[in-house]
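First the proteins, then the strands, lettered A, B, ... as listed; each starts at 1.
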Amino acid sequence: MNMIDIYNKLLETLGEQKWWPAKTPFEVVVGAILTQRTKWENVAKAIDELEKGDLLSPDALVNVNRNKLESLIKSTGFYKQKAERLQTVAQYFAKNDLPSLGENSTEVLRNELLALNGVGKETADSMLLYALNKPKFVIDAYTVRICKCLGISGGYDHLQEKFESALPKDVPLFKEFHALIVEYGKRYCNRKRCNECVLDVKKRA
DNA sequence: CACCAGGTTGACC
DNA sequence: GGTCAACATGGT
């Protein structure tokens, strides 16, 4: 089964996911930091708090009091380091306007994002794909686990190359595929449950 | 009570 | 190069 077949099967089984759940590109950036090692429901609460405080803009986030920020995002865990990371990326996006930032090449942007403390490969690629609409395939824990079941092993770079070379560089496709993988992983292929083989999806539908 | 969640970092080999 | 604990809350 090739990548496109896998995509179609997931889509057919799970339906469209329509990621990333955010109202603005900068909200994607904020969510990308907050969701590190954390369930999305807890992130949603924090984003809600930030929205109430009118803090979902780079300038507002840069200027907010650190302790206040920490208390608002407490539900996401690791709240002290995440507060610091949020202000770091907010500073970057305050200096570099989001829409016009997209004119730069994907690789240049990626390196700039990776240079920020708290932004690793997955977070950078999530921002590139879902906030800046760049064709970067996001690899996460579910992707690694599912690929392993499929007999595809390797680290982040290897898997990313595998997806990107097997698929057309289509941003909506990349967005939806990653979303489907996460949803599939949550339901059928996580720490507690690994029904050895992924993509027997018909049986489970 | 133990384990896990859409990672990243710095220390240590 | 790779491995490992730390980071911390909320849900099963």
Touch class at under 4.0 angstrom, heavy-atom based, for A:Leu116 against every strand present: sugar-phosphate
Interatomic distance, A:Lys82 NZ vs C:dT9 P [rounded to whole Å]: 11 Å
Sugar-phosphate only, base, or nothing, as touched by A:Lys121 at under 4.0 Å among non-hydrogen atoms: sugar-phosphate
Centroid distance under 5.5 Å and plane angle under 30°, A:Phe78 vs C:dA6: no
Sugar-phosphate, base or nothing in reach of A:Glu122, heavy atoms under 4.0 Å: sugar-phosphate
Proximal nucleotide (of C:dC7, B:dA5, C:dG10) relative to the A:Asn42 side chain: C:dG10
Between B:dG7 (C1') and A:Asp125 (CG): distance, integer Å: 13 Å
Sugar-phosphate, base or nothing in reach of A:Thr123, heavy atoms under 4.0 Å: sugar-phosphate
Any A:Arg37 side-chain N or O less than 4.0 Å from OP1/OP2 of B:dT9: no
A:Met127 CE - B:dG7 P separation (whole Å): 14 Å
Sugar-phosphate, base or nothing in reach of A:Lys80, heavy atoms under 4.0 Å: sugar-phosphate
Value in whole Å for how far the P atom of B:dG7 lies from NZ of A:Lys39: 12 Å
In one Ile/Leu/Val/Met/Phe/Trp/Tyr side-chain cluster, 4.5 Å: A:Leu114, A:Val138: no
Separation of atom CD1 in A:Ile33 from atom C1' in C:dC7, rounded to whole Å: 14 Å
Nearest-nucleotide comparison on DNA chain C, the residue closer to the 5′ end among A:Lys192 and A:Lys74: A:Lys74
Geometric class of the A:Phe137/A:Phe177 ring pair [parallel <30°, tilted 30-60°, perpendicular >60°]: perpendicular
Side-chain N or O of A:Lys45 closer than 4.0 Å to phosphate OP1/OP2 of C:dG11: yes
Single hit among A:Phe26, A:Trp40, A:Phe174 for ring-ring contact (aromatic ring centres under 6.0 Å, His included) with A:Trp20: A:Trp40
Distance, P atom - from C:dG2 to B:dG6, rounded to whole angstrom: 26 Å
Distance, rounded to the nearest Å, where A:Asp140 contributes CG and B:dT8 contributes P: 10 Å
Phosphate contact (C:dT9 OP1 or OP2) by A:Tyr79 side-chain N/O below 4.0 Å: yes
Sugar-phosphate, base or nothing in reach of A:Gly120, heavy atoms under 4.0 Å: sugar-phosphate
Basic-acidic side-chain contact under 4.0 Å: A:Lys136, A:Glu122: no
Atom-to-atom span, OH of A:Tyr142 to C1' of B:dG7 - whole angstrom: 13 Å
Sugar-phosphate, base or nothing in reach of A:Val119, heavy atoms under 4.0 Å: sugar-phosphate
Atom-pair distance (CH2 on A:Trp40; C1' on B:dC4), nearest Å: 19 Å
Nearest-angstrom distance, P atom, C:dA8 to B:dG10: 14 Å
Over 12 non-hydrogen atoms of neighbours within 6.0 angstrom of CG in A:Asn65: yes
Presence of salt bridge, A:Glu84 and A:Lys80, under 4.0 angstrom: no
